[in-house]
**Student:** 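Attaching a single structure in structure tokens format; questions to follow.
All chains are named by letter (A, B, ...) in the order of the sequence lines, taking the proteins before the strands, and each is independently numbered beginning at 1.
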Number of protein chains: 2
Amino acid sequence: MLTDRQLFILQAIVDDYIQSAEPVGSRSLSKQSGMSYSPATLRNEMADLEEMGFLEKPHSSSGRIPSERGYRHYVDHLLLPHQLSNREIHDLRSLFARRVMETEQVVKQSATILSELTSYASIVLGPEIFESKMKQVQIIPLNDRTAVAILVTDTGHVENHTVSLPEALNSSDLEKIANILNDRLRGVPLYQLQNKITTEVAGLLRQHISSYREALLFTEETLQKSSEEKVYYGGKANLLSQPEFRDVDKVRMIFELLEEDHTMHELLKPEQGGLMIRIGQENANQAFEDCSIISASYSFNGNPVGTISIVGPTRMEYPRVIGLIEHLSRDLSKVLTNLYTDRS
Amino acid sequence: MLTDRQLFILQAIVDDYIQSAEPVGSRSLSKQSGMSYSPATLRNEMADLEEMGFLEKPHSSSGRIPSERGYRHYVDHLLLPHQLSNREIHDLRSLFARRVMETEQVVKQSATILSELTSYASIVLGPEIFESKMKQVQIIPLNDRTAVAILVTDTGHVENHTVSLPEALNSSDLEKIANILNDRLRGVPLYQLQNKITTEVAGLLRQHISSYREALLFTEETLQKSSEEKVYYGGKANLLSQPEFRDVDKVRMIFELLEEDHTMHELLKPEQGGLMIRIGQENANQAFEDCSIISASYSFNGNPVGTISIVGPTRMEYPRVIGLIEHLSRDLSKVLTNLYTDRS
DNA sequence: TTTAGCACTCGGATATCCGGAGTGCTAACA
DNA sequence: TGTTAGCACTCCGGATATCCGAGTGCTAAA
């Protein structure tokens, strides 16, 4: 469909435009090193490429810029794998350098580093804990009416909240409850907890605790999942340096969307796994019509549990961003799996 | 120094400008309800107020806007206490409605609600845990080489991180370590932990654990404070709706600063307690020269432990924002103290 | 002391002009 | 037949000119 020469020219135009943010004309394109055609020849080819929908003109007498279809073709067929620089590799590796770590910290830092390296905005979804299994429950009374409930999963995730203590339960009741929970629920995936409570735990509570109703209610509060999606952002301000986002109103829509954690989670949550690239309108969302989003999932034991993403203008440095994101998602998966999987 | 009439006029001008964002001229001012002077009279007074530095003109033949000094005088002497609307009170109260809660959630939500009510940006610093006291330590092995360390404070704060298990320590060692820590460190303020470890815990470890060096190192890792300041933002995008922030470059500086959690923490950390208002240049920081920041600390047991703040243009609705912030900081203090203080 | 009148100022919106980079087309060329 | 040079044309963007109106300061009258 496209001749080799047309492909070559398309690639040169996209590369040039990504780099300069200016429409590229036949004259300047022909001066580019490695380009051995005269402006007139290029004009002909460019006209053809435009007719086929790979290029467009901002106005009738200006140079060409890639259309969304042009970018799409570029990432699907013309993308040369990008070799990460030492600096980049070093920065990414520094994430995992510490011996002591908290997954949340690592994930948060990932967002920051990714945005610094790319100078776009980054969004990282923290690992889903939905499928991970209960390891231990702890109820720690703080005073006569408040306690902290702690739930630890096999993935090292620690969930905690403050619960108020019903007067009807004394400290030996609490101990009994904790014992029952640990006994019955160890190894149960979090999404089944609620279920198990009604089917198994409730009966035991009734047997062993006099204030049964309070105990059951309290148990449910204790294990209530905080549910909240963890979404971390890095370098949103970077977007403001991009020439395509000089317009405050346009950028406001983007920023407003970027503050809706829930929507962003829906948009980016890990699905099939692997790499996802959405260019311009491909993001169903109106606010992102001039943006591209590249995202990759990271996994735990082979199951995708979270994603790391980059948001930038459609005129994005695709090769570099893809290289970085793929690298980081691999590293994250490796570290998570290494840390929390039994070697045996 | 200022006549009553001048004060009255200054107030009217500030109120008008806060509301309209347009320089206010003598003609329109005189039409304002409650204003019984002719434009000419107002012109004279306004000229005087300008000479004294309370007003300024964007250019020689335009209406007046308040100078920073004008705003300062306004907040110091002219501020009428603002009565919160039902809607506002209701929204604020909803924060504390749940029975089960996590302090972090409440604090995060505070930022969101505050920004929604004000349509400025809000910044909330999570409670300092520096002074709170150790309640319990838990070491939970996940597999043969990784464990989760959990530290609970008397303020219900749960700190946790993943630590790698030295081969030299077996599970009975871990138990011993945990026992020693709980025995010796209960009630010790977090900022003294490091100290206590070297003076008291080290000796005990040497006595009871054969692999003493590994045990000590491990202990230190376990109790390492995550140190990280908790800073939550709400409604940054709101700033983009303010007419004074139409300029992307100006707003970029602000947003970049707002992403530096550490700097913001320094800027806003609770000091004397009480209300702080910084207008324009009073924020030493260049990026905030067109902003005002209002912040109030909230406290636990009378000690200020965190702050809630609003960032907006110098043309800010001071009365309303101050009302909201004071109300919320009082509520937060009350709830925190109620939850985590022994009633006895 | 307050007010009306008036000449003056200046920003912002609108219209006009102009240069330059770029295009499409045609005709000459290898 | 594909490539290139030449040329007339287009259109953006910046610079300049013009105009309008809201607002001011000043003076003089009430």
Side-chain angles (χ1 to χ4, degrees), chain A residues 2-10 12-14 16-17 19-32 34-67 70 243-244 246-248 315, chain B residues 2-10 12-17 19-32 34-67 70 243-244 246-249 315:
Chain A
L2 285 186
T3 67
D4 281 358
R5 191 168 75 175
Q6 285 173 325
L7 287 175
F8 178 69
I9 291 172
L10 176 58
I13 292 174
V14 176
D16 184 306
Y17 183 65
Q19 201 271 331
S20 71
E22 299 285 327
V24 357
S26 55
R27 175 177 219 73
S28 59
L29 186 60
S30 106
K31 279 192 214 136
Q32 198 171 296
M35 185 61 65
S36 47
Y37 310 106
S38 75
T41 310
L42 292 173
R43 275 203 293 279
N44 290 331
E45 294 288 31
M46 287 160 88
D48 289 350
L49 284 168
E50 183 180 356
E51 207 169 351
M52 289 183 277
F54 294 102
L55 297 179
E56 50 194 36
K57 283 187 289 194
H59 52 93
S60 75
S61 74
S62 78
R64 271 29 179 241
I65 63 175
S67 66
E244 29 270 279
R246 300 298 307 169
D247 178 21
V248 178
R315 182 188 62 77
Chain B
L2 285 185
T3 67
D4 280 357
R5 190 168 74 176
Q6 285 173 327
L7 286 177
F8 178 70
I9 292 171
L10 175 59
I13 292 174
V14 176
D15 283 334
D16 185 305
Y17 183 65
Q19 202 270 332
S20 71
E22 299 287 325
V24 357
S26 55
R27 175 176 219 73
S28 60
L29 187 59
S30 104
K31 278 191 212 135
Q32 198 171 294
M35 185 62 64
S36 47
Y37 312 105
S38 77
T41 311
L42 291 172
R43 275 206 290 282
N44 290 332
E45 294 289 32
M46 287 160 88
D48 290 349
L49 282 168
E50 183 182 355
E51 206 169 354
M52 288 184 278
F54 294 102
L55 297 178
E56 50 193 37
K57 283 187 291 196
H59 52 94
S60 75
S61 74
S62 79
R64 279 7 186 254
I65 63 175
S67 66
E244 30 271 279
R246 301 296 308 170
D247 178 22
V248 177
D249 292 309
R315 181 187 63 78

**Student:** Looking at A:R43 and A:D48, is any side-chain nitrogen of the basic one under 4.0 Å from a carboxylate oxygen of the acidic one?
**Tutor:**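 Looking at A:D48 and A:R43, the cut-off is not met.
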**Student:** Ignoring backbone atoms, establish whether A:R64 has a side-chain N or O less than 4.0 Å from OP1 or OP2 of C:dG24.
**Tutor:**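 So the side-chain polar atoms of A:R64 do come within 4.0 Å of the phosphate oxygens OP1 or OP2 of C:dG24, strictly under.
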**Student:** Is A:T41 touching bases, backbone alone, or none of the nucleic acid, heavy atoms closer than 4.0 Å?
**Tutor:**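 Counting heavy atoms under 4.0 Å across all strands, the contact made by A:T41 includes a base.
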**Student:** Using whole Å, what does the distance between atom P of nucleotide D:dA28 and atom CG of B:N44 come to?
**Tutor:**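 My rounded result for the distance is 15 Å.
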**Student:** Counting only side-chain N and O atoms of B:S28, is one of them less than 4.0 Å from OP1 or OP2 of D:dA22?
**Tutor:**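 False: B:S28 side-chain N/O out of range (4.0 Å or more) of D:dA22 OP1/OP2.
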**Student:** Do the side-chain N or O atoms of B:S61 get closer than 4.0 angstrom to the phosphate oxygens (OP1, OP2) of C:dC10?
**Tutor:**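 No, B:S61 has no side-chain N/O under 4.0 Å of OP1/OP2 on C:dC10.
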**Student:** Considering just the side-chain nitrogens and oxygens of A:S26, establish if one lies under 4.0 Å of OP1 or OP2 belonging to C:dT23.
**Tutor:**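 True: A:S26 side-chain N/O within range (under 4.0 Å) of C:dT23 OP1/OP2.
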**Student:** Would you mind telling me which of C:dG22, D:dT24, C:dC10 lies closest to the side-chain atoms of A:R27?
**Tutor:**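 Of the options given, the side chain of A:R27 lies nearest C:dG22.
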**Student:** What is the distance, rounded to the nearest whole Å, between atom CD of B:Q6 and atom P of C:dT2?
**Tutor:**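 Taking atom P of C:dT2 as the reference, CD of B:Q6 is at 11 Å.
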**Student:** Side chain of B:E50: nearest nucleotide among C:dA4, D:dA5, D:dG25?
**Tutor:**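 Between C:dA4, D:dA5, D:dG25, the one nearest the side chain of B:E50 would be D:dG25.
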**Student:** Is the distance from OP1 or OP2 of D:dG25 to the nearest side-chain N or O of B:K57 less than 4.0 Å?
**Tutor:**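 So the side chain of B:K57 is within the cut-off, an N or O lying under 4.0 Å from OP1 or OP2 of D:dG25.
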**Student:** Does B:R43 have a side-chain nitrogen or oxygen under 4.0 Å from the phosphate oxygens OP1 or OP2 of C:dA4?
**Tutor:**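 Looking at the OP1 and OP2 atoms of C:dA4, neither is under 4.0 Å from any side-chain N or O of B:R43.
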**Student:** Choose from C:dG24, D:dC12, D:dT4 the nucleotide whose nearest atom is closest to any side-chain atom of A:A47.
**Tutor:**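 My answer, after comparing the listed nucleotides, is C:dG24.
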**Student:** Check the phosphate of C:dC10 against B:S60, side-chain N and O only, distance under 4.0 Å to OP1 or OP2. Yes or no?
**Tutor:**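 For B:S60, the contact criterion (side-chain N or O under 4.0 Å from OP1 or OP2 of C:dC10) is met.
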**Student:** Is it true that A:E56 and A:R64 have a side-chain N and a carboxylate O under 4.0 angstrom from each other?
**Tutor:**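 Result for this pair is no, no salt bridge flagged.
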**Student:** Is the closest basic N to carboxylate O distance between B:R5 and B:E45 below 4.0 Å?
**Tutor:**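 Here B:R5 pairs with B:E45 in a salt bridge, since their nearest N and O are under 4.0 Å apart.
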